[in-house]
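Notes to accompany the following structure.
Values below: every heavy atom of this structure, side chains too, minus hydrogens, waters and symmetry copies. We're numbering straight along the sequence, starting at 1. Remember, it's a predicted structure, so these values are computed and weren't measured experimentally.
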Amino acid sequence: YVDPICTPSRSALMTGRHPIHTGMFHHTIKAGEPYGLPLHIKLLPQYLKELEYNAVHLGKWHLGYYKELYTPTHRGFTSHTGYFNGHEDYYDHSTNIRMNKDQDGWGYDFRRNMSVAWDDYGNYATDIFTE
């Protein structure tokens, strides 16, 4: 099953469960929101790791990152290159951040594993992913 928006569809793909069963069916996760795909739910890369596969995550995560345990390398992926939020500029890797209902901000959102990848600033994201 898929939904027309990011977070619910990604949760279905990673878990094999309809988003109604993961708690990820309402809307997308906004930057800085304090939740993510529940940790007690096993993800596809965790199953693959048990079978001795190396699962690599490239691109958009969008399943929560407010605590390190919610990020790709803590959810079964052996490496991650990409961004945690729902979108980014493909060259400068910036994303808008909703601070509150009246204030937006901007931030850099591109990582290699858990490190901010400042060296990738100005490089086209698709080229980075296909290197």
Side-chain angles (χ1 to χ4, degrees):
Y1 297 99
V2 296
D3 280 61
I5 54 177
C6 314
T7 301
S9 266
R10 289 174 186 285
S11 73
L13 176 66
M14 290 293 166
T15 65
R17 298 178 183 182
H18 191 278
I20 194 97
H21 300 294
T22 63
M24 306 302 286
F25 61 94
H26 290 296
H27 58 79
T28 61
I29 297 174
K30 307 282 189 287
E33 285 189 312
Y35 75 97
L37 187 60
L39 297 175
H40 71 277
I41 299 173
K42 201 171 186 177
L43 305 187
L44 176 62
Q46 292 168 311
Y47 288 106
L48 292 173
K49 193 172 192 174
E50 289 175 359
L51 298 171
E52 299 183 14
Y53 284 91
N54 286 323
V56 174
H57 186 267
L58 298 172
K60 177 166 83 170
W61 176 242
H62 212 198
L63 290 172
Y65 64 93
Y66 83 106
K67 290 183 179 176
E68 195 169 315
L69 288 174
Y70 287 83
T71 61
T73 55
H74 291 273
R75 301 300 301 262
F77 288 102
T78 54
S79 68
H80 163 74
T81 299
Y83 49 104
F84 290 160
N85 286 293
H87 59 86
E88 66 148 15
D89 181 278
Y90 292 133
Y91 285 99
D92 70 16
H93 311 297
S94 63
T95 187
N96 68 321
I97 300 167
R98 174 62 44 124
M99 313 293 248
N100 58 50
K101 68 179 183 139
D102 298 320
Q103 183 180 13
D104 287 334
W106 287 93
Y108 187 80
D109 183 20
F110 203 80
R111 290 168 175 74
R112 291 187 183 259
N113 299 317
M114 289 302 295
S115 298
V116 177
W118 294 108
D119 291 344
D120 288 317
Y121 180 86
N123 296 321
Y124 187 56
T126 302
D127 290 342
I128 296 167
F129 300 144
T130 58
E131 288 176 346

### Task
Kindly assign one of parallel, tilted or perpendicular to the pair H27 and Y35, based on the angle between their ring planes and the thresholds 30° and 60°.
perpendicular
### Summary
Tightest non-hydrogen contact, residues P72 and H80, listed as CG-ND1, 3.5 Å
### Task
Quick one: which residue pairs count as a salt bridge (Lys or Arg N to Asp or Glu O under 4.0 Å) with a foot in residues 74-91, not counting sequence neighbours?
none
#### Entry: Distance, nearest 0.5 Å, that separates OG1 of T15 from CG of L43
7.5 Å
### Intermediate values then yes/no, side-chain contact (heavy atoms from CB on, under 4.5 Å), M24 and I41
CA-CA 12 Å; M24 306 302 286; I41 299 173; over 6 Å; no
### Message
Test your reading of the model: is there a side-chain donor-acceptor pair from T81 to the backbone of L58, 3.5 Å cut-off?
### Response
no
### Query
Would Y83 and M14 show up in the same hydrophobic cluster when neighbours are defined by side-chain heavy atoms closer than 4.5 Å?
no
### Message
Check for me, please, whether M114 and F77 land in the same ILVMFWY cluster - side-chain distances under 4.5 Å, paths through other members count.
### Response
yes
### Message
So P45 and H57, do their side chains get closer than 4.5 Å, heavy atoms only?
### Response
no
#### Entry: Hydrophobic cluster (4.5 angstrom, side-chain heavy atoms) - remaining members for W106
none
### Query
Do the side chains of V56 and F110 join up, straight or via other hydrophobic residues, at under 4.5 Å, putting them in one cluster?
yes
### Message
Going by the rule side-chain hydrogen bond (donor to acceptor under 3.5 Å, both in side chains), which residues pair with Y65 if we only count those two or more places apart in sequence or in a different chain?
### Response
N85
### Query
Honestly curious: do Y91 and F84 fall in one hydrophobic cluster under the side-chain, below-4.5 Å linking rule?
no
### Query
Could you give all pairs that pass the salt bridge (Lys or Arg N to Asp or Glu O under 4.0 Å) test and reach residues 107-131, with sequence neighbours left out?
D109-R111, R112-D120, R112-E131
#### Entry: Interatomic spacing from OG1 in T28 to CZ in R10 - rounded to 0.5 Å
11.0 Å
### Message
Within a 6.0 Å radius of atom OH on Y90, are there more than 12 heavy atoms belonging to other residues, nucleotides or ligands?
### Response
no
### Message
Do N123 and H93 pair up side chain to side chain, a donor and an acceptor below 3.5 Å, judged on atom types alone?
### Response
no
### Task
Determine the interplanar angle of the Y70 and Y66 rings, folded into 0 to 90°, and report it as parallel if under 30°, tilted if 30 to 60°, perpendicular if over 60°.
tilted
### Task
With sequence neighbours excluded, tell me which residues meet side-chain hydrogen bond (donor to acceptor under 3.5 Å, both in side chains) with S94.
D92
### Task
For T7 and I29, indicate whether the former's side chain and the latter's backbone hold a donor-acceptor pair under 3.5 Å.
yes
#### Entry: Atom pair NE2/CD1 of H26 and I20 - distance to nearest 0.5 Å
7.0 Å
### Task
For K42, check salt bridge (Lys or Arg N to Asp or Glu O under 4.0 Å) against everything at least two apart and list the hits.
E50
### Task
Compare every heavy atom of P8 with every heavy atom of S11, then report the nearest pair and how far apart it is.
OG-O, 2.8 Å
### Message
Hydrophobic clustering (ILVMFWY, side-chain heavy atoms < 4.5 Å, transitive) - are L39 and L48 grouped together?
### Response
no
#### Entry: W118 side-chain N/O to Y121 backbone N/O, donor-acceptor pair under 3.5 Å
no
#### Entry: N/O donor-acceptor pair under 3.5 Å between T73 side chain and S79 backbone
no
